[in-house]
Structure formats: structure tokens, C-alpha cells
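Reckoned from all heavy atoms, side chains included, excluding hydrogens, waters and symmetry mates. Please read all numbers here as calculations on a predicted model, not as lab measurements. Every chain is numbered from 1, with letters handed out A, B, ... down the list of sequences.
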There are 2 protein chains.
Amino acid sequence: MPRTAPHMPLKLAEAAFEQFATEGFANVNLDQIAVHAGVTKGAIYCHYKSKHELILAACMHYYRLYQVKVHGLIASVPDPLDRLRKVLELSIYNCVIDKKNRVFTTEIFALSLQHIDVRSGWAQFYDTVRELFIGLVTTAKLAGQLQIEDPRSAVDMMLSAIEGIKLRATFEPHISDPVEQQNLVQGLLKILGYTEGSSADVMQKS
Amino acid sequence: MPRTAPHMPLKLAEAAFEQFATEGFANVNLDQIAVHAGVTKGAIYCHYKSKHELILAACMHYYRLYQVKVHGLIASVPDPLDRLRKVLELSIYNCVIDKKNRVFTTEIFALSLQHIDVRSGWAQFYDTVRELFIGLVTTAKLAGQLQIEDPRSAVDMMLSAIEGIKLRATFEPHISDPVEQQNLVQGLLKILGYTEGSSADVMQKS
DNA sequence: AATATACAATACTTGCCAGTATCTTATTAT
DNA sequence: ATAATAAGATACTGGCAAGTATTGTATATT
């Protein structure tokens with residue numbers, strides 16, 4: 001048997017992600033990616049059979065990264081509402097502060113319009129995120145920390161807002177302020193039925 | 001003096017919009033646009049000095065169209081809450097049902113990441129939309145139809161949600177259902193402080 | 001009618017970049 | 001050691017599309 005390079009696909013996907021997330025899919029050529037991975041274009045074609053496949057690999061890499069981050073966070077926070085808030089903070093960070101993630105996902109949206117495989121990849125990823133949030137919200141609701149009738153539709157609206165916030169971050173840099181961050185998280189929690197002050201005992205007032 | 005063709009720039013911008021909104025900026029070449037405008041590529045360069053300028057013109061065309069539609073709607077509905085609801089319905093229609101608008105704006109977002117002129121064009125447009133909504137919400141609030149403290153931040157969150165809904169529409173076709181439409185409008189109104197039922201007299205209950 | 005000039009058509013150049021063909025090198029099983 | 005083969009380097013091809021040079025044509029002023 002000859003030598004093998006099992007790390008190369010990942011290494012190339014990482015390098016591709018970095019480049020794509022900085023300059024966009026259309027503005028990056030395979031030579032650039034190759035240079036950043038410390039190889040030449042020919043080597044890329046040993047592991048991926050087209051630029052498109054490399055793009056898909058970069059997407060998968062991004063999805064994995066997000067999952068790892070989120071589940072690490074969830075495992076470390078016991079209280080349901082705290083956990084929800086932490087995940088929201090992470091999501092906002094991912095979308096707003098971390099420019100690479102923001103650019104990369106925005107590019108994915110545009111590419112999804114034309115390529116069904118990119119689209120279904122994102123759809124699958126997004127489903128896991130949605131279910132994750134529905135779980136978090138339901139748990140917090142059962143703990144009496146949220147006043148919400150339909151967690152599913154609330155989560156859908158909240159996730160829409162996050163995506164929209166991501167887009168706005170491109171045009172409104174002030175969104176990156178730490179203070180603004182907290183306001184955004186607060187606004188998202190509000191969509192999820194969090195009422196400021198003594199949380200769950202608002203209903204009893206009337 | 002020679003002949004003149006004052007309608008050509010608009011005609012080309014319209015044709016460009018149509019093509020870009022169908023296939024995306026990167027997948028449309030100037031020959032295609034020329035054919036759809038009933039001219040040849042050479043003619044385009046009489047009116048625009050690059051593809052990029054034509055893209056900007058297509059953007060401006062889109063912005064104008066939206067403004068015309070919205071202001072036509074506003075003028076025809078007297079009640080503040082009704083007016084707000086109608087504008088929201090139009091916005092959802094624009095973002096979700098009207099695929100061309102959805103595709104075109106998504107492409108703008110991606111292009112904005114790299115091109116400052118595209119970005120500032122959108123930012124300017126978005127500002128007018130934001131101010132419009134703030135006006136609508138404030139009017140409805142003063143009329144006692146909305147329970148909202150800070151119209152500005154509520155509108156920001158609501159507009160984020162709309163943008164996010166637009167993105168989701170690419171991945172979740174069921175959003176196009178008429179029923180779902182109304183749910184979305186209802187959810188957006190909720191963000192703006194609309195409490196279902198007898199609207200403005202909720203406070204008095206406690 | 002003549003002519004100046006903007007509009008438009010045609011044909012061409014140029015550069016970029018995905019993908020390929022071919023050659024080299026390193027590794028491992030025998 | 002050596003044959004077999006995967007990984008990688010280098011150099012090339014081919015196609016696409018933006019932009020340009022040139023030529024043609026219609027119109028408005030004189």
C-alpha cells in the first residue's frame with residue numbers, strides 16, 4: 001500500500017472555508033486555496049473532484065464547528081433559562097461579531113438560490129438548530145421561566161430575527177457593540193415569551 | 001443634435017433586474033441582458049460603463065419600485081393599524097411570494113459583502129423603510145392600537161424578522177401558504193406590541 | 001439636403017480560472 | 001530491495017465573458 005493523507009480533505013476544507021468566508025465563493029480561486037493549504041491546485045483535485053465539492057465540504061465543516069460549539073455550551077450550563085440565554089448569546093456572536101461566519105453564511109444563502117445541494121445541506125443543518133431551540137424553549141417553559149403558547153412558531157420567528165440581524169450587521173456596524181448585543185438577546189428572549197422582571201409570575205397579577 | 005434614447009437606461013435596468021433576479025448576478029452575462037432588452041451588448045456600453053454600473057442601476061430600479069408600491073398602499077388606507085397590517089402583508093408578499101424580489105435582494109446581500117457602493121445603496125434604502133415603519137408604528141401607538149415602549153427597537157427587531165423570513169422562504173416552501181402568511185403577519189404585529197383580542201385595553205385588566 | 005453626433009451592431013481582444021495531462025516523489029506491502 | 005500506488009507538483013488547455021475598436025445608421029439642427 002502507498003502512503004495516505006487522511007487529514008488533507010479536512011485541511012483543504014478548512015483552508016477553503018477561511019478563504020470563502022473572507023472573499024466570497026466567486027472571488028476565490030483554487031490556486032488561492034491551495035496556497036493557503038500549503039499545496040498546489042493539483043493536490044486539491046486528488047481529494048475533491050470540483051470546486052463545487054470543495055464548497056460543499058467547507059459548508060459541512062462550518063456546520064460541524066457550530067454543533068461542537070453549541071453542544072459544548074449546553075453541557076456546561078444547568079439552568080434552562082440561563083442555557084437558552086447563553087445559546088442566544090453564542091448565536092448572536094456567531095452572526096454578528098464573527099465576521100467570517102457572517103460572510104460565509106450570507107454567501108451560502110446566495111448560492112442556495114441556484115444550487116439544490118447547497119440548499120438541502122443548509123436546510124438539514126437549520127433543522128437541527130430549530131429542534132435544538134425548540135427543546136431549550138420547551139424546557140424553560142416547563143420550568144415556568146417562559147410564557148409562551150406555541151414554542152415552535154415562537155422559535156421560528158426568533159430564528160428569523162437572528163438571520164435578519166445577521167444581515168443587518170453588514171449594514172449597521174453599531175450592532176457589534178456589546179451593549180447592543182445584550183439588547184438583541186433581550187429582544188429575542190422577548191419573542192420567546194420572556195417577560196422582564198419576575199419572569200413567570202406575571203399571569204397571576206391579573 | 002442627433003437622436004436621443006432617454007428611455008434606454010431604464011429599459012436596460014429593467015431587463016437587467018429581470019435577469020439578475022432570476023439567475024443571480026454571477027450567472028448572467030451582458031449578452032443575455034442585451035437580448036432581453038432587444039439590443040446588443042455594444043448598446044449597453046453606450047449607457048453604462050460596466051456591468052457593475054448596470055447592477056447598481058438594477059438595484060435603484062428595485063428600490064424605486066418598492067417605494068412606489070408602499071406609498072400607493074399607505075395613501076389608500078386610513079386606519080393606522082390597518083395601514084400597518086397592509087404594509088406588513090405587502091412586505092411579506094414581496095419577500096416570500098414574489099420570488100424575483102426575494103432572489104434579487106438575497107443577491108444584493110451577498111454582493112454587499114464585497115462592494116461598498118452596493119452596500120451603501122441598500123443601507124440608504126433600508127433607512128427609508130425603517131423610518132417609514134417607525135412612523136406607522138408610532139401613529140398606531142398614539143391611536144392606542146399598540147402596546148409598545150420603544151417603537152424604534154421594536155421596528156428594528158421586526159424588520160430583522162422579515163429579512164430572516166425571506167431567507168427561510170428559500171428553504172421552507174410551505175411559508176408561501178396563504179395561512180402561513182397571516183400567521184407571519186400576526187407574529188410580526190406581536191413583536192410590535194399588538195396584543196390579540198381587544199387590542200389596547202389589555203393594560204387595564206391588571 | 002447636408003452634416004454632425006448619439007445610438008447601436010459586429011467582431012475582436014484579453015484575462016481569468018476551472019479542470020486536465022503528465023511527471024515526480026514518498027510510502028508500504030511483499 | 002522493489003514493485004505498486006497514492007499524493008502532490010507543474011505546465012497546459014479550453015471556454016467563458018467583460019470590455020473595446022470599428023463600423024454603420026438614424027435623427028435633429030443648419
>> Strictly below 4.0 Å: does B:His47 bring a side-chain N or O up to OP1 or OP2 of C:dA8?
In response: yes

Just checking [X]: does its [atom1] atom have more than 12 heavy atoms from other residues, nucleotides or ligands closer to it than 6.0 angstrom?
{"X": "B:Leu142", "atom1": "CG", "result": "yes"}
{"X": "A:Gln124", "atom1": "CD", "result": "no"}
{"X": "B:Lys69", "atom1": "NZ", "result": "yes"}

>> Generate the contact string for nucleotides 15-20 of chain C. Rules: B means base contact, S means sugar-phosphate contact only, - means no protein heavy atom under 4.0 Å.
In response: --SBBB

> Near DNA chain C, which residues from residues 106-119 of chain B have a heavy atom under 4.0 Å away?
Replying inline: none

> Would A:Arg168 and A:Glu163 pass as an ion pair if we require N to O under 4.0 Å?
Replying inline: no

>> So, using side chain to side chain contact (heavy atoms under 4.5 Å, CB included) as the criterion, who are the partners of A:Leu10 when residues are at least two apart?
In response: A:Glu14, A:His61, A:Arg64

> Do we see a donor-acceptor contact under 3.5 Å between the side chains of B:Arg102 and B:Thr170?
Replying inline: yes

> Between atom CD in B:Glu53 and atom C1' in D:dA18, what is the gap in whole Å?
Replying inline: 14 Å

>> Checking contacts here: which listed nucleotide (D:dA9, D:dA7, C:dA8) is nearest the side-chain heavy atoms of B:Ala5?
In response: C:dA8

> With under 30° as parallel and over 60° as perpendicular, where do the rings of B:Tyr62 and B:Phe104 fit, or are they tilted in between?
Replying inline: tilted

>> For A:Ile175 versus A:Ala169, what's the shortest heavy-atom pair and its separation?
In response: CD1-N, 4.1 Å

